[in-house]
Every structure is written in C-alpha cells, then in structure tokens.
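Below is one structure, written out as structure tokens; comments come after it.
Here, residue 1 is the first one in the sequence, and each next residue gets the next number.
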Amino acid sequence: QVQLVESGGGLVQPGGSLRLSCAASGSIFMLYAMGWYRQVPGNERDLVATITDGGTTHYADTVKGRFTISRDNAKNTVYLQMNSLKPEDTAVYYCNADVLKDITTPRTHYWGQGTQVTVSS
C-alpha cells in the first residue's frame, strides 16, 4: 500500500513561518499531482495548494503570496512553505497524492494522517 506521512506542524505566532513535509512511500510506480489541503472542525477539507509532476502550481486565493508548494520527485516528497501565517490558517493540514501503483491499476488518490498547524499569540 501507499503511505503519506506529514510532518512539520506545530504552534507558531502570527506572522511566523512553518514548513510542512509529506513523504510518500510504498507501492508507487509513478507519482502525479500532489497537494496540501486543510480542515477545521465542522468544515469541509479545502484545497490549499497543488503541484503537478511537472511542477505547475495552483494556490487557493487565501494563501497566494504567502505559501509556496514544492516537491522533490527523487524523494517522493512535497513541501509547503508557509510564511506570514495568520490565525485563520489554523487547521489540520493533509497531504494528498495521485498515485499510479502499476500500469494495470487506475490512478488513485491517497491521504496522509494530517498535521496540526496552530497560529496563535
């Protein structure tokens, strides 16, 4: 199976920075788009940023100019650099990956377990 493990969350003051990492491992033939999503209790899980296997990025309007998504294909890892953090960024951040296990299996999405980001004074 495929596993996605997030790390890097924590408590930070407004205006501070955090860098999240998500490493994919397991049965991976090819790793396509990866992304970061976030969720607060009672809300839906919302897209934060995505990056294709070719490096094309997309950001939610709420994080444009503050967050940067990147990836290291050799390590099957996606990162989210979060700068100028605001209290409203507080959420559990989840990693998502579009994975092709082998050429006989359809591509499927996988989720990490999530990492808590809390922005508070």
message: According to disulfide bond (SG atoms under 2.5 Å apart), does anything in residues 6-74 pair up with another residue at least two apart or in another chain? List the pairs.
response: Cys22-Cys95
task: Can you run down the disulfide bond (SG atoms under 2.5 Å apart) pairs that involve residues 26-66, sequence neighbours left out, and say none if there aren't any?
output: none
Main-chain N/O of [Y] paired with [X] side-chain donor or acceptor, under 3.5 Å:
{"X": "Ser21", "Y": "Ser7", "answer": "no"}
{"X": "Ser120", "Y": "Thr118", "answer": "no"}
{"X": "Glu6", "Y": "Gly114", "answer": "yes"}
{"X": "Gln39", "Y": "Ala91", "answer": "no"}
{"X": "Thr77", "Y": "Ala23", "answer": "no"}

- request: Mind checking salt bridge (charged side-chain N to carboxylate O under 4.0 Å, His left out) for Asp61 and listing every partner two or more places apart, or none if nothing turns up?
  value: Lys64
task: Answer yes or no: is there an ion pair linking Arg71 with Asp53, defined by an N-O contact shorter than 4.0 Å?
output: no
query: Checking side chain to side chain contact (heavy atoms under 4.5 Å, CB included) for the pair Val48/Leu80: CA distance, chi angles, key distance, verdict?
result: CA-CA 9 Å; Val48 176; Leu80 185 67; 4.2 Å; yes
To the closest 0.5 Å, what do you measure between [atom1] ([X]) and [atom2] ([Y])?
{"X": "Phe67", "Y": "Leu20", "atom1": "CZ", "atom2": "CG", "result": "8.0 Å"}
{"X": "Ile51", "Y": "His58", "atom1": "CD1", "atom2": "NE2", "result": "13.0 Å"}
{"X": "Phe29", "Y": "Ile103", "atom1": "CZ", "atom2": "CD1", "result": "6.0 Å"}

- request: Might you confirm whether atom CD of Glu88 has over 12 heavy atoms from other residues, nucleotides or ligands at distances under 6.0 Å?
  value: yes
message: Run the ring-ring contact (aromatic ring centres under 6.0 Å, His included) test on Tyr37 and Trp111 for me, step by step, so that the C-alpha distance in whole Å, both residues' side-chain angles and the decisive distance to 0.1 Å come before the verdict.
response: CA-CA 10 Å; Tyr37 297 72; Trp111 292 96; 5.0 Å; yes
message: Going by side chain to side chain contact (heavy atoms under 4.5 Å, CB included), His109 matches just one of Asn96, Leu4, Val2. Which one?
response: Asn96
- request: Using the side chain to side chain contact (heavy atoms under 4.5 Å, CB included) rule, take Lys101 and Arg107 through it: C-alpha gap first, then chi angles, then the decisive distance, then the call.
  value: CA-CA 7 Å; Lys101 291 184 177 181; Arg107 292 155 61 175; over 6 Å; no
- prompt: Is Asn76 close to Ile28 at the side-chain level, that is, under 4.5 Å between some pair of heavy atoms?
  reply: yes
- prompt: Can you list the residues that meet the side chain to side chain contact (heavy atoms under 4.5 Å, CB included) rule with Thr68, with sequence neighbours excluded?
  reply: Tyr59, Gln81
- line: With sequence neighbours left out, the residues meeting side chain to side chain donor-acceptor pair (under 3.5 Å) with Thr104 are Asp102
- request: Would you please name every residue forming a side chain to side chain donor-acceptor pair (under 3.5 Å) with Thr108, sequence neighbours left out?
  value: Tyr110
Stepwise side chain to side chain contact (heavy atoms under 4.5 Å, CB included) test for Thr52 and Tyr32: CA-CA 6 Å; Thr52 69; Tyr32 295 93; over 6 Å; no
- prompt: Is there a chain of hydrophobic side chains (I, L, V, M, F, W, Y, each step under 4.5 Å between heavy atoms) that links Tyr94 to Met82?
  reply: no
message: Walk me through whether Asn73 and Leu31 qualify under side chain to side chain contact (heavy atoms under 4.5 Å, CB included).
response: CA-CA 8 Å; Asn73 291 329; Leu31 189 59; 6.0 Å; no
- prompt: Name the one of Thr115, Asp46, Thr90, Asp89 that satisfies side-chain hydrogen bond (donor to acceptor under 3.5 Å, both in side chains) with Arg38?
  reply: Asp89
